[in-house]
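Numbers here are sequence positions counted from 1. Whatever order the structure lists ligands and atoms in, that order sets their numbers, starting from 1.
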Amino acid sequence: MTRSIMVVDDDVDILTILTFVFENRGYRVRKARDAEEALQMVARFVPDLFILDISLPGIDGIELCRRLRAQARTRSVPIIFVTARDQPESIVQGFEAGGDDYVVKPFNMQELVARVENLLRRVREVAPPKEEREGRVIAITGARGGIGKTTLAVNLALCLTRMWADEVVLVDASLEFGRAAVLLDLQNARDMQALLQEATEALERDYLEETYLSVHPSGLRFLASPLSPADVEAIGPEEMERLIRILRPVYGYIVCDLAPSLREPYRTLLRLADRVVVVVTPEVAALVATQSLLQALSMMEVPSESILLVLNNFPAAENSPARKEIETFLGFPLASVIPGDLARIPSAANAGRPPILEPEESDFSQAIIETTYYLSTNLRRAH
Ligand SMILES: Nc1ncnc2c1ncn2[C@@H]1O[C@H](COP(=O)(O)OP(=O)(O)OP(=O)(O)O)[C@@H](O)[C@H]1O
Ligand SMILES: [Mg+2]
């Protein structure tokens, strides 16, 4: 795991040298020129160690150290002061403010490196690294448009939220014409493109939620697809992979609503997913298309154990194939059947109030609950 160091110094030469030295040793280095900038940065990323200059313009290093010690998220991050030789009293102040070590300017680089590594080693020994969380990725896909993928994604995500509270994020990964936000009556100021432009790695949860996600009253977190069509092309397979890397350490469940497409970014999500929900409707054309989709998934080496085939039973015509026929045709068992409900579902979509949130229990809600239960209890990492 890459360790990160934040250096706070108004001396650009020091910032440059320290960055060079520590990056060469495999650290990620973040630089701040003053305390305010440093505090803004820690709202987003907490480094593994701070190197603070004492005499900074504005808030000085000692006060910055006090503030870092006062925040829960930075309370136990080691701090090394660098200070000019003629300020012995500030060294004492530095320790009183919660600093762990100091070096005197001009300092010997090897000594500083040794002190940094020593402190990091001690911290590791005292507190073993917290277990890296790995959120489960659930991709909702299907071989055709308008077959209820988004409807299911939204309702499944809300149902997971009921069980797992603030652990669920719904990603509108229907890049071209995503509209999951409408079903949830959410307005989005920011989208995944904005997030991807800023972040290369996991962000602090609070910052992520304040800046890029919406929080639905149910507790479900939501990340919008690109709000501008011009940004759609900017999201390729690497961006999708990075997006999942950013979200996985923060959330227990990452539900992705995909477009009916096998373009590269979608393939990436399908490969990364722990579960792929394939939605199918009872129409011959949909079945033929789904057959191709299942073949494509198999060629992409998506394990069949991680695929959940869900029948969205609308619109059921007189001569619609029955459940058994569908299973035989596709050579795949159906995990669940969602009833068609033309009285409820389209109007719920227009109102921005998903049916699963309604107090009275409908067959639709019941089927969603069963599917969610199935999803979450059988959800072991497939790879
Ligand atoms: N079980 C159902 N009963 C009745 N109507 C439904 C059902 N499922 C979905 N619908 C309706 O079908 C329409 C299409 O649904 P939805 O947008 O969820 O499909 P989609 O597969 O996500 O489409 P797209 O490929 O365009 O993203 C919507 O109007 C929705 O309200
Ligand atoms: Mg959709």
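Here the protein heavy atom with the shortest distance to atom 26 (O) of ligand 1 is G146 N, 3.6 Å. Taking atom 2 (C) of ligand 1 as the reference point, the nearest protein heavy-atom neighbour is I345 CD1, 3.4 Å. Among protein heavy atoms, the minimum distance from atom 9 (C) of ligand 1 is reached at T151 OG1, 3.5 Å. With hydrogens left out, the protein atom closest to atom 28 (C) of ligand 1 is R179 NH2, 4.2 Å, a heavy atom. Distance from atom 21 (O) of ligand 1 to its nearest protein heavy atom, with residue and atom name: K149 NZ, 2.7 Å. The protein non-hydrogen atom at the shortest distance from atom 11 (C) of ligand 1 is F314 CZ, 3.8 Å. For atom 29 (O) of ligand 1, the nearest non-hydrogen atom of the protein is P346 CB, 4.6 Å.
Side chain of R344 to main chain of L342: no donor-acceptor pair is present (N/O by atom type, distance under 3.5 Å, no hydrogens or angles).
Among the backbone and side-chain atoms of S174, none of the N, O or S atoms lies under 2.8 Å from the Mg ion (ligand 2).
Near T150, with a cut-off below 4.0 Å to any heavy atom, the atoms of ligand 1 are 18 (O), 20 (P), 22 (O), 27 (O). Heavy-atom proximity to D341, at under 4.0 Å, picks out these atoms of ligand 1: 2 (C), 3 (N), 4 (C). Ligand 1 places these atoms under 4.0 Å from at least one heavy atom of G148: 9 (C), 15 (O), 16 (P), 18 (O), 19 (O), 20 (P), 21 (O). Distances below 4.0 Å separate heavy atoms of N312 from the following atoms of ligand 1: 1 (N), 2 (C), 7 (C), 8 (N), 9 (C). Listed by number with element, the atoms of ligand 1 under 4.0 Å from a non-hydrogen atom of I147 are 19 (O), 20 (P), 21 (O).
Salt bridge status for R323 with E327: present, with a side-chain N to carboxylate O gap under 4.0 Å. A salt bridge between E198 and R190 is absent, with no side-chain N of the basic residue lying under 4.0 Å from a carboxylate O of the acidic one. Using a 4.0 Å cut-off between charged nitrogen and carboxylate oxygen, D53 and K31 do not count as a salt-bridge pair. A salt bridge is absent between K105 and D11: the closest approach of a Lys/Arg side-chain nitrogen to an acidic carboxylate oxygen does not fall below 4.0 angstrom. Classification of D274 and R248 as a salt-bridged pair holds, one side-chain N sitting under 4.0 Å from a carboxylate O.
Side-chain contact annotation: T16 with T19, donor-acceptor N/O pair under 3.5 Å absent. In this model, a donor atom of one side chain and an acceptor atom of the other lie less than 3.5 Å apart for T150 and D257. Checked by atom type, the side-chain pair N118/R121 shows a donor-acceptor distance below 3.5 Å.
Residues L158 and H216 have side chains in contact (heavy-atom distance under 4.5 Å, counting atoms from C-beta outward).
Under 4.0 angstrom from ligand 1, the non-hydrogen atoms of P339 all belong to its backbone.
Checking only distances, P260 never comes within under 3.5 Å of ligand 1, N or O to N or O.
Distances from ligand 1 to the non-hydrogen atoms of G340 include at least one value under 4.0 Å.
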